[in-house]
Undergrad: 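Below is a structure I'd like to ask you about.
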Amino acid sequence: MSLVTLLPFIVLIGAMFLMTRSAKKKQQQAADMRNQMQPGSGIRTLGGLYATVKEVSDDTVLVDAGPGVELLFAKNAIGAVLSDDEYNRIVHGIEHDLKSDVVPDDASSLTEADEPAASDEKPVDLAKKDADDKVEEPSDAVAAEAKTDDEPKKTDGDTDAK
């Protein structure tokens, strides 16, 4: 056999080796993450249940899913160990102080003084108008002017000349 006929097989074997190697790395990282669990850690199971770790043994984890609800899971069923901030944000809706992380929408807030700018502009009303909101009745001045113009109006074909 020549080298040209063996080359596709060598490339295929090399690709399979690289794929299994990356899969083993991911499995090792997941195992390390599960071994780092401690009582009090917030977790998410593979099924999407958020809970707090109560006890950790060799192959199982006892979690507290709520008041009076304790569940026993296999360690392999733990999808992620969450940080305290992330767990509190997801489960309890508690946001940490983001005041220092806020980026302004425009640069004007960086250059202006702390005093709010006085604005003479009226706010624009962007609300939809209902079908009940009809055009307002004409004012009295407009109605009086319309009455005085009751004379027939000239059209292009009419002239006063005789």
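This chain uses plain numbering: 1 for the first residue, then up along the sequence.
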Undergrad: Tell me, do Asp59 and Lys75 make a side-chain contact under 4.5 Å, heavy atoms counted?
TA: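 They are not in contact (no side-chain heavy atoms under 4.5 Å apart), so the answer is no.
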Undergrad: Look at the side-chain heavy atoms of Ile, Leu, Val, Met, Phe, Trp and Tyr, link any pair under 4.5 Å apart, and say whether Leu3 and Leu12 land in one connected group.
TA: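 Not linked; separate clusters.
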Undergrad: Do you know the tightest heavy-atom contact between Ile78 and Ile43?
TA: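 Nearest pair, atom of Ile78 first, then Ile43: CD1-CD1, 3.4 Å.
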Undergrad: For Ser41 and Val81, work out which heavy atoms get closest and say how close.
TA: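 Closest approach of Ser41 to Val81, heavy atoms only: CB-CG1, 4.3 Å.
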Undergrad: Would you check if Thr60 and Glu55 make a side-chain contact, meaning some heavy-atom pair closer than 4.5 Å?
TA: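 No, too far: nothing below the 4.5 Å cut-off.
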Undergrad: For Phe17 and Thr20, which heavy atoms make the closest approach, and how far apart are they?
TA: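 Taking Phe17 first and Thr20 second, the nearest heavy atoms are O-OG1, 2.9 Å.
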Undergrad: Going by heavy atoms in the side chains, are Tyr50 and Leu82 under 4.5 Å from each other?
TA: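 With C-beta onward as the side chain, the pair touches.
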Undergrad: For Gln28 and Asp32, test the side chains for any donor-to-acceptor distance below 3.5 angstrom and give the result as yes or no.
TA: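 Looking only at side-chain atoms, Asp32 and Gln28 do form a donor-acceptor pair, the distance falling under 3.5 Å.
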Undergrad: Quick one: pull up OG1 in Thr52 and CG in Leu62 and give me the separation to the nearest 0.5 Å.
TA: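 The OG1 atom of Thr52 sits 11.5 Å away from the CG atom of Leu62.
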Undergrad: Transitively linked via ILVMFWY side-chain contacts under 4.5 Å: Phe73 with Met33?
TA: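 Yes, Phe73 and Met33 fall within the same hydrophobic cluster.
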Undergrad: CD1 of Ile13 to CG of Leu18: how many Å apart, nearest 0.5 Å?
TA: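 Reported value, rounded in 0.5 Å steps: 12.5 Å.
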Undergrad: Mind checking the CD-CZ spacing from Glu86 to Arg89? Nearest 0.5 Å is all I need.
TA: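 Taking CD in Glu86 and CZ in Arg89, the distance rounds to 5.5 Å.
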Undergrad: Enter the distance from Thr5:OG1 to Ile10:CD1 here, rounded to the nearest 0.5 Å.
TA: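 The OG1 atom of Thr5 sits 9.0 Å away from the CD1 atom of Ile10.
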Undergrad: So which heavy atom on Val61 is nearest to which on Met37, and how close?
TA: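 Shortest heavy-atom contact: CG2-CE, 3.4 Å.
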Undergrad: What is the minimum heavy-atom distance between Ala65 and Ala51, and which atoms define it?
TA: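 Minimum heavy-atom contact is CA-CB, 4.0 Å.
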Undergrad: Taking the side chain as everything from C-beta on, heavy atoms only, tell me whether Leu49 gets closer than 4.5 Å to Leu71.
TA: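 They are in contact (side-chain heavy atoms under 4.5 Å apart), so the answer is yes.
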